[in-house]
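A short write-up of the structure that comes next.
Just the heavy atoms: all of them, side chains too, but no hydrogens, waters or symmetry mates, feed the values below. We name chains A, B, ... by the order of the sequence lines, and we start the count at 1 in each one.
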2 protein chains.
Amino acid sequence: MHEKKFLNIYNELALKIREKTIVAGELLPPESDLCERYQVSRETVRKALALLSRNGYIQKIQGKGSVVLDVSRFEFPISGLTSFHELATHSEEEWQTVVNQLVVIKPYQKMRQVMNLKENQNLWKVIRSRMIGGETVILDTDYLVMDSVPILTEDICRNSIYDYLENELHLKISFAKKQITVESPSEEDKRYLTLSNETSVVVIRSLVYLDNAQLFQFTESRHRADKFRFVDFARREHL
Amino acid sequence: MHEKKFLNIYNELALKIREKTIVAGELLPPESDLCERYQVSRETVRKALALLSRNGYIQKIQGKGSVVLDVSRFEFPISGLTSFHELATHSEEEWQTVVNQLVVIKPYQKMRQVMNLKENQNLWKVIRSRMIGGETVILDTDYLVMDSVPILTEDICRNSIYDYLENELHLKISFAKKQITVESPSEEDKRYLTLSNETSVVVIRSLVYLDNAQLFQFTESRHRADKFRFVDFARREHL
DNA sequence: TAGTGGTCTAGACCACGTG
DNA sequence: ACGTGGTCTAGACCACTAT
């Protein structure tokens, strides 16, 4: 079975760059060398390098080679599609999740429109506080389509919903449309978030889709503004 | 000359999807059909489809086909690496840029560190107000390395620096590291931005690099919080 | 079983940067 | 001139979905 050789190459090189086994500013071995070393065709090597380039590990320069970039300044990407649990476990700090609410609801009119739901589709509603050092700095509200997620427990919510969905239910979470705005704190924010002098809350609203392009989740993640930070690597597209 | 057939295919299909010539929910023609229609090999078609997928136009489903996604909900991406001028000209509304300051500076200690500059490298400093309906809602401060940009005029800054860099100087802007935070208004914000009750400003700091992986720009873009909106399409990476 | 996308290959030719 | 990456090709085999 052809099993994603290009990913192995990507991961191996990405690790070496992160761990500075390959130093920023240096050149990667030429593609022909990598072909030999990994015993693969050139297109396969190039797939791996394209991924490294997209994710900010290298800059390819025609006629010269692949320059390794300094990747240290943007660890901790809230960019992309990553669950809180995955971020927290890679973090130095001690995070804690508190489940405030876990109920089944009939979606009201507006929610049905936003999520494009049928009449009889019910939703899980989960409200969770993300705490650090005794303070609640993130308040997450998730709505999950019950057709896709028939069973959900407080225990799962305290641990990681995404882990449960992917490893237990074998759902394939695929993509999301996200929107970030800054708003005044709502009543719920005032109730759950530890707001000091903060007068603003950063709100990330996401529509999350499965593998088969089916919507299964709407999330509203509300961050205390002073604890919010979004880091991103962007390439200029010449289309 | 092999001149990016896959980009032509990408652009043609992307346009059809944006203009709803191909409707969301439908399937794209199979790859084999596209090979015939465009008279290209399958890998070339697949490069175009991979781009469409990355940019949120389609979802590929193995054994089934490429489902067209609803692309309407996220026009106006501040995501990626796009200049204000490019956004403004695609907008319905009437934007205006005012150049508040255009000077050459010797970078102070901290700036030299952040931008990793040599002792003798000077910078252009440009401060610009972005106005809409008589209100200044964005305040941009750019620092440009003079080695890369020897000449800069108020006229260029009022129009579009990026346009000048790419089309006149033929610099190839390639990638950026960006960071978004929410902060209290600074003295300069209070002077230039039209702040009503706003107590927060969204700050986007970017390090921008050329083609050859050389840093040439640092930008601080400060947005009135109520006018800020960031829209993004993200794929979950299974690496 | 037929048709779709997913991965890989071996080879070709072109464009760019360096010596 | 040489070595590098950039693009494209024609073909192979596998995995998944539909019927």
Problem - Close side-chain approach of B:Ile105 to B:Met111, heavy-atom, < 4.5 Å - result: no

Handout entry: N/O donor-acceptor pair under 3.5 Å between A:Glu168 side chain and A:Leu165 backbone
Key = no

Exercise for the section: Answer whether the closest heavy-atom distance between the side chains of B:Val202 and B:Phe230 falls below 4.5 Å. Expected result: no

Exercise for the section: Can you sort out which residues in residues 36-48 of chain B have a heavy atom within less than 4.0 Å of DNA chain C? Ascending by number, please. Expected result: B:Arg42, B:Glu43, B:Arg46

Practice task
Sequence neighbours left out, what passes salt bridge (charged side-chain N to carboxylate O under 4.0 Å, His left out) with B:Glu119? Give chain and number order.
Solution key: B:Arg112

Handout entry: Protein-nucleotide distance (A:Phe6, atom CZ; C:dC8, atom C1'), rounded to Å
Key = 11 Å

Handout entry: Backbone N/O of A:Lys118 and side chain of A:Gln121: donor-acceptor pair under 3.5 Å
Key = yes

Handout entry: From CA spacing to verdict: side chain to side chain contact (heavy atoms under 4.5 Å, CB included), A:Phe216, A:Ile173
Key = CA-CA 9 Å; A:Phe216 87 103; A:Ile173 296 155; 3.9 Å; yes

Exercise for the section: Take the protein atom CG of A:Leu7 and the nucleotide atom C1' of C:dT7, then report the distance between them rounded to whole Å. Expected result: 11 Å

Problem - Under 3.5 Å donor-acceptor, A:Asn212 side chain and A:Gln214 backbone - result: yes

Exercise for the section: Please name all residues satisfying side chain to side chain contact (heavy atoms under 4.5 Å, CB included) with A:Arg42, sequence neighbours left out, ordered by chain then number. Expected result: A:Glu31, A:Cys35, A:Arg46

Exercise for the section: Step by step, work out the salt bridge (Lys or Arg N to Asp or Glu O under 4.0 Å) result for B:Glu43 and B:Lys47. Expected result: CA-CA 6 Å; B:Glu43 284 292 354; B:Lys47 262 198 220 172; over 6 Å; no

Practice task
To the nearest Å, give me how far apart CG (A:Asp33) and C1' (D:dG5) are.
Solution key: 13 Å

Handout entry: Interatomic distance, B:Lys4 NZ vs D:dT9 P [rounded to whole Å]
Key = 15 Å

Handout entry: Interface residues of residues 20-27 of chain A with DNA chain C (non-hydrogen, below 4.0 angstrom)
Key = none

Exercise for the section: Just report the end-to-end axis angle for the helix from C:dT1-D:dA18 to C:dT18-D:dA1, five pairs per end, to 10 degrees. Expected result: 10°

Fill in the blank from the handout: With B:Asp140 as partner, the option from B:Arg130, B:Arg128, B:Lys125 fulfilling salt bridge (Lys or Arg N to Asp or Glu O under 4.0 Å) is B:Arg130

Fill in the blank from the handout: Separation of C:dC8 atom P from A:Tyr10 atom OH, nearest Å, is 16 Å

Problem - B:Asp232 and A:Ile180, any side-chain heavy atoms less than 4.5 Å apart - result: no

Problem - OP1 or OP2 of C:dT7 under 4.0 Å from side-chain N/O of A:Lys5 - result: no

Is there any protein nitrogen or oxygen under 3.5 Å from a nitrogen or oxygen in nucleotides 16-19 of chain C, and what are the pairs?
residue, atom, partner, partner atom, Å
C:dC16, O4', A:Gln62, OE1, 3.3

Handout entry: Any donor-acceptor N/O pair, A:Gln59 side chain to B:Asp211 backbone, under 3.5 Å
Key = yes

Practice task
Would you kindly give the CD-to-C1' distance between B:Glu31 and D:dG11, to the nearest whole Å?
Solution key: 15 Å

Problem - Between D:dG5 (P) and B:Asn212 (CG): distance, integer Å - result: 16 Å

Practice task
For the pair B:Tyr209 and B:Phe175, name the ring-plane relationship: parallel under 30°, tilted 30 to 60°, perpendicular over 60°.
Solution key: parallel

Handout entry: Side-chain donor or acceptor of B:Asn159 paired with backbone N/O of B:Asp155 under 3.5 Å
Key = no

Exercise for the section: Write down the distance between CG (B:Leu34) and P (D:dC8), rounded to a whole number of angstrom. Expected result: 15 Å

